[in-house]
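Worksheet: one structure, shown below.
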Amino acid sequence: MEHSGGILPDSAIRALFDASALTADRPLDADQIQPASLDLRLGETAYRVRASFMPGRGCKVTDKLDQLKLHEIDLRRGAVLETGCVYIVPLLEALALPDGIAASANPKSSTGRLDIFTRVMTDHGIEFDKIPAGYHGPLYLEVSPRTFPIVVRAGSRLSQVRFRSAATILGAAALGELHAAETLVAGDDPIITDAGIAVSVDLTGDENGLVGYRGKHHTAVVDVDKRGAHDVLDFWEPLHVRDRKELILDPDEFYILVSREAVHVPPFYAAEMTPFDPLVGEFRVHYAGFFDPGFGHTAAGGSGSRAVLEVRSHEVPFVLEDGQTVGRLVYERMEKRPDALYGVDLKSNYQAQGLKLSKHFR
């Protein structure tokens with residue numbers, strides 16, 4: 001079932017390294033290559049800058065850094081990045097892509113669940129997180145913690161990149177056929193359009209009425225490289241719903257919620273969560289996210305996994321109701337099946353998940 005073009009799987013990403021289309025300043029981590037993406041690692045220096053910026057045509061990122069940087073931070077032994085500040089970090093990976101391969105980046109799942117705003121930049125770039133076919137040059141990551149101060153170090157992985165040999169997003173007809181064959185979302189009569197398949201929020205709660213979490217302010221730091229090292233209640237306020245299945249989102253607060261639908265990504269496809277049209281309400285699923293082949297796949301230990309939603313209201317309070325559409329899943333064809341699927345092959349963190357905070361909390 002190989003497709004003519006699509007998202008490059010793990011074997012093809014390894015081949016990019018073998019062909020020097022991908023290079024790195026140090027050997028790869030053992031688990032750095034994912035089924036349909038590559039984790040990107042921070043380099044040894046972070047630059048605190050006055051404001052976010054776009055390099056633009058004809059300009060390198062270092063040229064803008066010379067104008068905007070406030071100070072340099074050594075990441076070799078670890079350093080704290082403060083909330084509300086913007087940092088630019090050169091990455092350990094660099095690209096020399098062939099003309100037929102383009103790429104796009106996104107925060108890793110754990111990054112989004114910590115409310116860390118990240119965007120990949122390239123020299124001469126005119127869009128964040130988009131890397132044009134044939135790009136030769138370094139990669140940089142803009143990092144701005146929004147809720148919790150974080151500890152990072154050289155080698156920390158906050159972002160990931162996908163490579164494409166063709167644009168292979170499924171339109172409504174193809175998506176409907178795939179859903180009929182594979183049950184992409186386990187829900188009642190899903191809404192399928194050319195923009196993707198709709199995902200709604202679950203405000204029913206578990207047996208204790210827990211529906212989500214709201215990030216606390218003025219917390220201690222979160223070490224992004226340590227699993228299970230932080231107590232949930234030091235950083236999060238549990239949210240319970242009683243009679244009415246609704247939640248009032250306070251402006252600029254950060255929430256972790258979960259989808260009603262169990263999500264399934266078959267082995268020959270990859271998916272991405274996109275924010276829902278803001279015209280339906282003053283909120284958005286804050287971070288788009290990659291879903292690898294095998295996510296929620298029964299053969300990979302998933303049996304359907306619900307999507308965790310990072311939600312923020314803007315400008316005004318907003319009443320979010322149970323079953324309200326909050327995002328869409330866009331599916332793309334893989335160029336071929338990955339060697340390893342998300343789930344049992346990789347002992348993945350979020351397979352068969354329900355409402356779940358990032359791996360940093362116990």
Side-chain angles (χ1 to χ4, degrees), residues 29-32 34 39-42 46 48 73-87 89 106-118 141-160 202 205-240 247 249-250 252-259 273 285-287 289-290 305-312 342 346-362:
D29 298 342
D31 59 348
Q32 193 173 341
Q34 302 294 321
D39 290 351
L40 298 172
R41 298 173 295 177
L42 302 183
R48 166 81 191 281
I73 301 168
D74 188 344
L75 298 184
R76 286 175 294 182
R77 294 188 176 181
V80 174
L81 304 185
E82 302 286 355
T83 57
C85 298
V86 181
Y87 304 87
V89 187
N106 245 328
K108 286 175 60 63
S109 295
S110 296
T111 304
R113 295 184 202 196
L114 289 175
D115 200 17
I116 306 169
F117 186 69
T118 69
L141 190 66
E142 175 187 315
V143 183
S144 183
R146 303 293 304 277
T147 296
F148 313 121
I150 59 173
V151 173
V152 299
R153 53 191 57 79
S156 295
R157 290 144 55 175
L158 300 179
S159 189
Q160 56 194 345
D202 181 359
D206 63 11
E207 63 274 10
N208 299 312
L210 179 69
V211 296
Y213 297 89
R214 179 166 51 202
K216 291 185 175 182
H217 299 283
H218 315 299
T219 67
V221 298
V222 175
D223 189 322
V224 301
D225 297 321
K226 291 185 177 178
R227 297 178 183 229
H230 309 285
D231 189 284
V232 168
L233 295 180
D234 289 340
F235 294 84
W236 298 97
E237 176 191 352
L239 301 175
H240 295 81
L247 180 66
L249 303 176
D250 291 324
D252 292 323
E253 296 290 324
F254 182 68
Y255 298 84
I256 297 291
L257 305 172
V258 71
S259 68
M273 177 76 78
V285 177
H286 194 56
Y287 297 97
F290 290 155
S305 298
R306 293 205 278 169
V308 168
L309 309 169
E310 302 109 8
V311 177
R312 186 186 293 278
Y342 189 96
L346 300 173
K347 297 182 174 63
S348 305
N349 291 306
Y350 305 121
Q351 188 68 298
Q353 71 179 356
L355 175 65
K356 188 172 183 180
L357 295 170
S358 72
K359 61 190 177 185
H360 307 92
F361 300 100
R362 60 176 187 272

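Values below: all heavy atoms of this structure, side chains included; hydrogens, waters and symmetry mates excluded.
- Open room surrounds CZ on Arg77; 12 or fewer heavy atoms of other groups in view lie less than 6.0 Å from it.
- From Thr147, atom OG1 reaches atom CD1 of Ile116 across 9.5 Å, with rounding to the nearest 0.5 Å.
- For the residue pair Glu253 and Arg312, the shortest heavy atom distance occurs at O-CG, 3.5 Å.
- Heavy-atom minimum distance, Arg306 versus Val258: CB-CG2, 3.7 Å.
- Within the 4.5 Å cutoff, the side chain of Leu141 has no heavy atoms near those of the Leu40 side chain.
- Within the 4.5 Å cutoff, the side chain of Leu158 has no heavy atoms near those of the Val89 side chain.
- Distance check: Ser358 OG to Lys108 NZ gives 11.5 Å after rounding to the nearest 0.5 Å.
- The closest side-chain heavy-atom distance from Leu114 to Val222 is below 4.5 Å.
- Proximity of Lys356 to Phe361: side-chain heavy atoms (C-beta onward) are nowhere separated by under 4.5 Å.
- Shown here for Leu357 and Ile256, the closest heavy-atom pair between the two residues is CD2-CG1, 4.0 Å.
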- [ ] Let me see the working for His217 and Thr83 under side chain to side chain contact (heavy atoms under 4.5 Å, CB included), right down to the final yes or no.
- [x] CA-CA 10 Å; His217 299 283; Thr83 57; over 6 Å; no
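- Across every non-hydrogen atom of Pro107 and Gly112, the tightest pair is CB-N, 4.4 Å.
- Leu247 places a side-chain heavy atom less than 4.5 Å from the side chain of Leu239.
- Classification of Lys216 and Glu237 as a salt-bridged pair fails, no side-chain N sitting under 4.0 Å from a carboxylate O.
- Between Trp236 and Phe254, the ring planes are tilted. Angles from 30° to 60° get that label.
- For the pair Glu142 and Val86, the minimum side-chain heavy-atom distance is below 4.5 Å.
- In terms of heavy atoms, Pro238 sits closest to Leu210 at CB-CD1, 3.8 Å.
- Minimum heavy-atom separation, Val80 to Tyr87: O-OH, 4.5 Å.
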TODO: Could you walk me through whether Val224 and Phe148 pass the side chain to side chain contact (heavy atoms under 4.5 Å, CB included) test, one step at a time?
DONE: CA-CA 11 Å; Val224 301; Phe148 313 121; over 6 Å; no
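- The structure places CG of Leu42 at 11.0 Å from CZ of Arg157, a figure rounded to the nearest 0.5 Å.
- The shortest side-chain heavy-atom distance between Arg113 and Glu310 falls under the 4.5 Å cut-off.
- Gln34 places a side-chain heavy atom less than 4.5 Å from the side chain of Asp39.
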